[in-house]
Amino acid sequence: MTRQRKIKVLLAQFALETHSRGILTVAGMLRDAGMEVVLIGNALPEQIIGTAVQESADVIGISTYCGGELALSEDLLKTAEKAGIKEQTIFLLGGIFPPEDAPKLKEMGFSGTFLSATKEEIVACIESALASKKG
Amino acid sequence: MSDEKTTKEILKEKFKPGEHIPLYNPEALKKIEQEFDKWKNTVVREEDRKNWKVMPHTILGSEIPRELTYTPLSNSDFDYERDLGFSGSEPFTRGIHSNMYRGRVFTIRQLYGAGSPEYVNKRIKMLLEHGATGTNWALDLATVQMFDSDEPEAKGQVATVGCPFDCVEDMETVCKDIPIDKISASIVTHYPRNTAIVFPMYLIMAEHRGVPWDKLPGSVQNDFIMESLVRSASEYIPPKDDFRIQCDNIEFIRKNVPQWNYVTLNGYNLREWGTSGVTEMAVAVANAIEILKEMIRRGHDVDWVATRLAFFWAPANDFFEEVARIRAVRRLWYRIMKYRFEAKNPRSMWMRCHVQTSGVSLTREEPMNNIVRAAYHALAAILGGVQSLHVDSYDEAYSVPSEEASIISLRTQQIIEAETQVTQVVDPLGGSFYVEALTNDLEERILDEVDEIERRGGIVETVTSGWLHKKVASHIEREQKMIANGEIKVVGRNYFRDPNLKMPKVWVHQYDDSIREQMRQKLARIKQQRDNEKASSTLSALKEACKRGDNVMDYTLECARADVTEGEMRRAFTEAFGTWKPPLFA
C-alpha cells in the first residue's frame, strides 16, 4: 500500500487507568511498523476526540485494564460522531475486558478488539480497516 | 550533583568487617582449581565448554549469565561470618529472625477488594474464615487515583478492581465486625497523596469505634515512586512535593500510630510495569535512602524511622535469581543501615518484605498453567525468607480473581507451608555454591544501580527528569521483541503453543454500575449532613499547610473528621502544588 503520509495513531487510556505496560508495548510495535504514534496517556472521551481532530489521527487506540470499557467506549464513539470523525477514524481497543464484550464493541464501531495480539495482527487489522474505509 | 558521596562510596570507605577468615583454605582451592580445569578440559563436552556461560532470558529477568556449574572457586573469598552469619544476626543474609518460619509462618495475605464496601467486608471475613492471617485491601481505580465516585472521570471505574472509599463512612462499612486491633490490615494506598487522604479515614473509624491508635497493626504503601513513576494518570503533582508528602506521612504515622508500617517501598509494581529484578530493588533502595536522609534532615534519629520500613517485591520466573535476590538485598540493606546510616537498633537493619507473585509472568493462554507458575514464584520467595505473601491467581490475565481462584492461591501457600516442609529449615539454600555466587553478584548489581541513580542526582531527580520512565519504556519495548521472536520462551504462548488453542471460558468479574449510583447517593447525603463550613475551613487549612511546609497528615486528619471527601482533598493538593507533566506522554 502506498500512502501520502505515515498512518497516524493516537493511543490513549480512559481517565483513571493506572496501567501503561500495554499501551507502551503497542506504541513500540506500531512505531516499529512505520506508523506515527501520538501517545497522550489518560484522558476523558472529549479530550481524546479533541486531540484526534487536532492531530488528524487515522486511528484511535484505547488501552483498558480495569473494566467499565463498554460505558466509556460508548461515550467515546458518541463524542467522535458529534465531532464528525467517527466514519473516517479506525477505533481499536485492547487490554483486559470480558471476552463477551468484544461483539458489543464491534457493533459500537470498533474495528479491532484485542485481549492479546502480536504486532502483525494489530498492523493487519489497521491496514485492512483503512482499506475498507477507503473502498 | 553535589559533592556528596554516593552510598557505594560511603560503603567502600566504612564497611570494615572484623578479621577476614576465608572459609576455603588456599590449599584446597588450589587443588579444586587444578581438578576443575582438568575436568572441564577432558570430561566436559566441547560444546558445553564453549557455551559455559548461558544467558537466561525470561520476562522481567536480569540477564545475569549462568555457568554450567558452580564450585567453591565461584566464591573463593567466602567468609561465613562476614557473608552469611546466622539467621536473626548480622548481616541477616539468612533471614531476619533466628527461627524464621518455625517461629512464625509467613503471613498469608491475599489482596482483595472488588465490589461495594458492604461486599468487600463480607469477602474479607470469608478469607479470614478460610485461614488468611492478615487482610490486604485493593482500592478501586477512582480511590487510587483520588477521585470521588461521583466525579465524571470515575464513570465505569467504581468498585471494578477494588473497593471505593470516598469518606469515613466507607471505611466503617468495610471494617464492620473485623477486629482491627488484632488483624493487621494492609491498605494498598499506593501513593503518598492517597495515603495522606485514605489513612486518616481509617484512624477516624478507629476513633469512632474506641480503638486507640497505638493498638492498630497494619501497613500502608505510601510510595512516591508509585505515584510519580509507575502509575499512569491524568493528573500529577511535582515529584519533589510528592516525595515530601511521603515523608510527612511517615513522620505522622511513626509519631501517632506506633504499630503501623508507614511505608512499603514498592518494587513490585515497578517491576511488573517493566524492569529487571535488579532495577526493581535498586529504585526501592534508593528511595529508602532518600527518605532516611530527609528524616535525618528533619531532626529525627535514624533508628526512630528505620525500624518499620518495609519492602514489597515481585518474585518472577528465574527461580534461583529470585531466591538470591531476596537474600542479596537483605544483606545490602543491612550494610547500608549499619555502615552508611550507622543505625544502632538491629531492627533498623532488617529488610522486611511482603511479596506478591508476578502477574506479568502469567499467561492468558492455558490459564491453569498459571497455578504452577505462581507456586514456583511463591516457593522461591519462601526459600528467600520473605515475611508475607500474596500468590497471584490463575485468572490474573482475565479479571480480578474469582472466589475459586483466590482460594487456590490461598491453598498454594498452605500446601507449601504444611506439606512440603520447606519452612522447617532456615535458609535452606544457604551455602550452595551457585546461590551464594548469585547472591554476591546480585548485591553488587543492585548497589551499582543505586549508585547510578545517586550519580544522576538522586531518586527524585531521576524521576523528575524522566530518566527512569525512559529506562522502563525501553525495557518493555525490548522485552516485547524478545517474546515476539521467541528468545524469551513462554509455554503455551510462544513455546509449544497449541495450534488449536481455544481460550477457555473463565469467570470474569462483571461491572455493576449500580454501585456507582449507590456511592453517588451516599456522597450527596454526606455533603448534606456534614457541617459544610467546617469542611471547607479544614480544606483551606490543608492548602495552607501544603504551602507552608507543615506536615500534611495533621490536616488531612481534620478533613476526614469533618467528612471531607477524597476528591475534595485531592483538589486541595493539586491547587497547592500545581501539576506536573510526566515525561512519557505527549
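By convention in this document, chain letters (A, B, ...) are assigned in the order of the sequence lines, proteins followed by strands, and residues within each chain are numbered from 1.
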Sorted by number, residues from residues 105-115 of chain A in contact with chain B (heavy atoms, under 4.5 Å):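 Within residues 105-115 of chain A, the residues that come under 4.5 Å of chain B (heavy atoms only) are A/L115.
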Which portion of [X] sits near chain B, non-hydrogen atoms under 4.5 angstrom:
| X | result |
| --- | --- |
| A/E100 | side chain |
| A/T118 | neither |
| A/D32 | side chain |
| A/L72 | side chain |

Largest heavy-atom contact set with chain B, pairs under 4.5 Å, which of A/A27, A/G67, A/A43: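 The option with the most such pairs is A/G67.
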Selection from A/C66, A/P45, A/G28 maximising heavy-atom pairs under 4.5 Å formed with chain B: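 The answer is A/C66.
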Test: B/R231 cationic atom under 6.0 Å from B/Y236 six-membered ring centre, within 45° of axis: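 Checked: cation-pi criterion met.
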Side chain, backbone, both or neither: which part of [X] has a non-hydrogen atom closer than 4.5 Å to chain A?
| X | result |
| --- | --- |
| B/V472 | neither |
| B/A484 | neither |
| B/E396 | backbone |
| B/V144 | side chain |
| B/E479 | side chain |

Single hit among B/T58, B/I488, B/I59 for side chain to side chain contact (heavy atoms under 4.5 Å, CB included) with B/M482: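 That would be B/I488; it is the only one of B/T58, B/I488, B/I59 passing the side chain to side chain contact (heavy atoms under 4.5 Å, CB included) with B/M482.
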Heavy-atom pair of closest approach, residues B/R497 and B/G492: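 Here B/R497 and B/G492 meet closest at CG-O, 3.5 Å.
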Is the shortest side-chain heavy-atom distance between [X] and [Y] below 4.5 Å?
| X | Y | value |
| --- | --- | --- |
| B/P192 | B/F573 | no |
| B/K471 | B/T275 | no |
| B/E403 | B/R123 | yes |

Option in B/Q480, B/R364, B/R493 with maximal non-hydrogen atom pairs under 4.5 Å from chain A: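 Option with the top pair count is B/R364.
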Side-chain H-bond candidate by donor/acceptor type, [X] with [Y], under 3.5 Å:
| X | Y | answer |
| --- | --- | --- |
| B/E153 | B/S234 | no |
| B/S232 | A/N42 | yes |
| B/T363 | B/R373 | yes |

Test item: A/K104 side-chain N/O and A/L70 main-chain N/O as donor-acceptor pair under 3.5 Å: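 Here the side-chain-to-backbone pair does not exist.
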Rounded distance [0.5 Å steps], CE in A/M29 versus NZ in A/K119: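 With rounding to 0.5 Å, CE (A/M29) is 8.5 Å from NZ (A/K119).
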CZ/B/R478: more than 12 non-hydrogen atoms of other groups inside 6.0 Å: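 12 or below, so no.
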